[in-house]
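One structure below.
For clarity, every value in this text was computed on a predicted model and none was experimentally measured. Start at 1 and go down the list; that is how both ligands and their atoms are numbered.
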Amino acid sequence: MLKDGPREDELEVSARELRRINKIRRDFVANVSHELKTPATSLRLLAESLVEIIDEDPDQARYFALQLKSETDRLSRLISDLLDLTHLESEEKVTDPEPVDVRGVLMGVLSRMRPSARRKGLALRWRRAGDAADYTVMGDETQLGSMFANLVDNAIKYTPEGGSVEVSAEADEKSVRVRVADTGIGIPEKKLPRIFERFYRVDKARSKETGGTGLGLSIVRHVAENHGGKVTVESTEGEGTTFTVYLPREDQTR
Ligand code: ADP
């Protein structure tokens, strides 16, 4: 008589797979807890210091209060990035895609980012590559906006004063391609394969200084993939980095 159900060796594989998935989940919870613990500890220490000196030293008190604000902002950013990422990971593609003008989204991102580029003395430029008139893709405008904002924000963060960041886009009937190129510190070749992992930072100390959550590029990769596209990176240490996002056009995603 034929037996129904999985063979013993198949059961073994799925038990192993289950252990692997459980390990990924445990690692994620451990990472998140660790990432939340750092700002939570800073908040407690700052609050204690503030209480101690509030009556005696108003200047020092103001300094601690500002530090408290910046650590709180960092914690809020971390929580909001985590929520975005969880949402993006739970869907394999955009649920209700609508026509989105990528060029319009980029213009919005550039104008929001201009003040922080100016503060750092960076030239933030837009260049239309090619002569396409239509930059529409099917997708989610908010997700696309947050993807490009993450890339431009990183380009500004990791480019020293006096450098430049250039955003360009080109389109043909098959796809829209967006490039974010900076003249910044670059990424060592060995580290490139890991930069899209959650919480991975090339330089932990620098990322803490700039207030990064280590989740930006994971969000970028998920948004690109949920739109049927992809993101690639080229970088030379000390010279700069270029991220390219490839998004298939309307008729390709149907
Ligand atoms: P973070 O919040 O630390 O910026 P991301 O996920 O956005 O986290 O990026 C991961 C890491 O990749 C960063 O910590 C940084 O080391 C590196 N990185 C990202 N973008 C750039 C860039 N434009 N130039 C140099 N390094 C970058």
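On a distance-only criterion, Ile195 and ligand 1 share no N/O pair closer than 3.5 Å.
By the 4.5 Å heavy-atom criterion applied to side chains, His222 and His87 are not counted as neighbours. You'll find the side chain of Val180 stays beyond 4.5 Å of the side chain of Asp182, heavy atoms only.
In terms of protein heavy-atom proximity, atom 17 (C) of ligand 1 is nearest to Val202 CG2, 4.0 Å. With respect to atom 3 (O) of ligand 1, the closest heavy atom belonging to the protein is Ser207 OG, 2.8 Å.
The option with the heavy atom closest to atom 13 (C) of ligand 1, from among Phe243, Tyr158, Phe196, Phe199, is Tyr158. Taking only non-hydrogen atoms, the option from Asp182, Thr242, Asn154 nearest to atom 20 (N) of ligand 1 is Asn154. Taking each of Gly214, Gly240, Pro188, Gly212 in turn, the one with a heavy atom nearest to atom 8 (O) of ligand 1 proves to be Gly214.
Residue contact check: Gly216 has heavy atoms under 4.0 Å from atoms 5 (P), 6 (O), 7 (O) of ligand 1. Contact atoms of ligand 1 toward Thr213: 2 (O) (distance under 4.0 Å to a heavy atom of the residue). Numbered from 1 in the order shown, with element, the atoms of ligand 1 that lie under 4.0 Å from a heavy atom of Lys157 read 1 (P), 2 (O), 4 (O). The contact set between ligand 1 and Gly186, taken as ligand atoms under 4.0 Å from a residue heavy atom, comprises 25 (C).
Ion pair Glu35/Arg201 flagged as a salt bridge, since at least one NZ, NE, NH1 or NH2 atom sits closer than 4.0 Å to an Asp/Glu carboxylate oxygen. Salt-bridge annotation for Glu170 and Arg177: present, with a side-chain N of the basic residue lying under 4.0 Å from a carboxylate O of the acidic one. Between Asp134 and Arg103, no side-chain nitrogen of the basic residue sits less than 4.0 Å from a carboxylate oxygen of the acidic one, so the salt-bridge criterion is not met. For Asp81 and Arg77, the salt-bridge test fails: no basic side-chain N is under 4.0 Å from an acidic carboxylate O.
Arg179 places no side-chain N or O within donor-acceptor distance of the main-chain N or O of Phe243, the cut-off being under 3.5 Å. Side-chain atoms of Lys120 come within 3.5 Å of backbone N or O of Thr159 as a donor-acceptor pair.
With a 4.0 Å cut-off on non-hydrogen atoms, Leu217 touches ligand 1 through its backbone as well as its side chain. Contact annotation: for Tyr200 versus ligand 1, heavy atoms closer than 4.0 Å belong to the backbone alone. Proximity of Leu215 to ligand 1, defined as any heavy-atom pair under 4.0 Å, is confined to the backbone N, CA, C and O atoms. Only side-chain heavy atoms of Ile187 come within less than 4.0 Å of ligand 1; its backbone N, CA, C and O stay farther off.
Ligand 1 is never approached by Asn150 to a heavy-atom distance shorter than 4.0 Å.
Using a 3.5 Å distance cut-off with no hydrogens or angles, the side chains of Gln143 and Glu91 do pair a donor with an acceptor.
Residue-environment remark: CZ (Arg128) exceeds the threshold of 12 foreign heavy atoms within 6.0 Å.
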